[in-house]
Protein chains: 2
Amino acid sequence: MSRKKPSVDRVFHALGDPSRRAIVEKLSEGPMSVSRLAEPLNITLAAVVQHLQVLEESGLVQTEKVGRVRTCRIEPAGLAVVEQWVGDRRSMWERRLDHLGDLLAEPDESD
Amino acid sequence: MSRKKPSVDRVFHALGDPSRRAIVEKLSEGPMSVSRLAEPLNITLAAVVQHLQVLEESGLVQTEKVGRVRTCRIEPAGLAVVEQWVGDRRSMWERRLDHLGDLLAEPDESD
DNA sequence: AAATTACTTAAGTATCCACTTGACAATCTC
DNA sequence: GAGATTGTCAAGTGGATACTTAAGTAATTT
């Protein structure tokens, strides 16, 4: 119900904020509650909740409320989006270097 | 002279902006001039220059001016920072899953 | 059932930041 | 050297957004 498709845009925007990255870092230690996440950060609980909203909409984090405590966990699919984007850039960059040799060897090749 | 240490903070902040990501995407096709980079984006040249400043300070892009044209190229070290950060999260996450089995097998272990 | 815990929501504020305009500088072309 | 090209710099503006406070809800504890 609350799971959004992790778009490159949303994921990178979410990770652009240091507090949000800190949350993801903490969550990679394991699932934990909102107040537990808030402890090391010196911002209010309310602020953390807002960050969690962004993180959840980006698909980086998944949360579930049982009783009065909301438990947050990392959602690997979100990080996968980042890895793929970076990987795509890198592979284009490497492909270019490969073809560089071709161009120098055969300057007049029709594709 | 203009090369900064690519910090996680700067790199993620830089990639948080869609225009800047578009620039990096374009640059992975190969080095090109500022005005050439500006073409597909519908923002002014001045804006592109500002984005390039951020990208260069983050270590994602390297530029060099010869004559009146500044040529921009991708700097792989910047992307490497992202890859490592994501990799670190992922490995922590995986390590946790490994130890999960241990905890279930030996519930009474002193740290 | 009163108090405590663990959030949630709304509204306001202040800072940041992407972008523009406009004036300028350097280089190249004719 | 006149004009065009390519980029640079400074200052300003508008909108996004990270954060706070304050009030409220729901679950647990005593």
Between B:T44 and C:dC19, does any side-chain N or O lie under 4.0 Å from OP1 or OP2? no
Provide, to the nearest angstrom, the distance between the CD atom belonging to A:E64 and the C1' atom belonging to C:dA6. 16 Å
Look at the side-chain N and O atoms of A:R68 and state whether any lies under 4.0 Å from the OP1 or OP2 oxygen of D:dT29. no
Are B:V86 and A:V86 side-chain neighbours, meaning at least one heavy-atom pair lies under 4.5 Å? no
A:L41 CG to D:dC19 C1', in whole Å, measures 12 Å
Nearest-nucleotide 5' precedence on DNA chain D, A:G67 against A:A46: A:A46
Expressed as a whole number of angstroms, how long is the span from A:R36:CZ to C:dT5:C1'? 16 Å
Can you confirm whether B:M32 sits close enough to B:L27 that some side-chain heavy atom of one is under 4.5 Å from a side-chain heavy atom of the other? yes
Give one of base, sugar-phosphate or nothing for B:S35, where a contact means two heavy atoms less than 4.0 Å apart. sugar-phosphate
Of A:R70 and B:S19, whose nearest nucleotide on DNA chain C comes first from the 5' end? A:R70
Got B:V8 and A:R21 here, is their nearest side-chain heavy-atom distance under 4.5 Å? yes
Can you list the steps and then say if B:I43 with B:H51 is a side-chain contact (heavy atoms from CB on, under 4.5 Å)? CA-CA 11 Å; B:I43 55 180; B:H51 283 311; 3.9 Å; yes
Under 3.5 Å, is there any donor-acceptor pair linking the side chain of A:Q50 to the base of D:dT20? yes
Output the rounded distance in Å from CD (A:E56) to P (C:dC7). 14 Å
So, OP1 or OP2 of D:dT17: does either fall under 4.0 Å of a side-chain N or O from A:H13? yes
Using atom CD of B:E39 as one end and atom P of D:dG7 as the other, report the distance to the nearest whole Å. 10 Å
Heavy atoms under 4.0 Å, any strand shown: does B:R20 hit a base, just sugar-phosphate, or nothing? sugar-phosphate
Does B:H51 have a side-chain nitrogen or oxygen under 4.0 Å from the phosphate oxygens OP1 or OP2 of C:dC17? no
Report yes if at least one side-chain N or O of A:K65 is closer than 4.0 Å to OP1 or OP2 of C:dA6; otherwise report no. no
Starting at CG of A:L45 and ending at P of D:dA18, how long is that distance when rounded to a whole Å? 18 Å
Length of the line joining A:Q53:CD and D:dC19:P, which is rounded to integer Å: 14 Å
Backbone N/O of B:S28 and side chain of A:R89: donor-acceptor pair under 3.5 Å: no
Taking CD1 from B:I43 and P from C:dC17, how many angstroms apart are they, rounded to a whole number? 16 Å
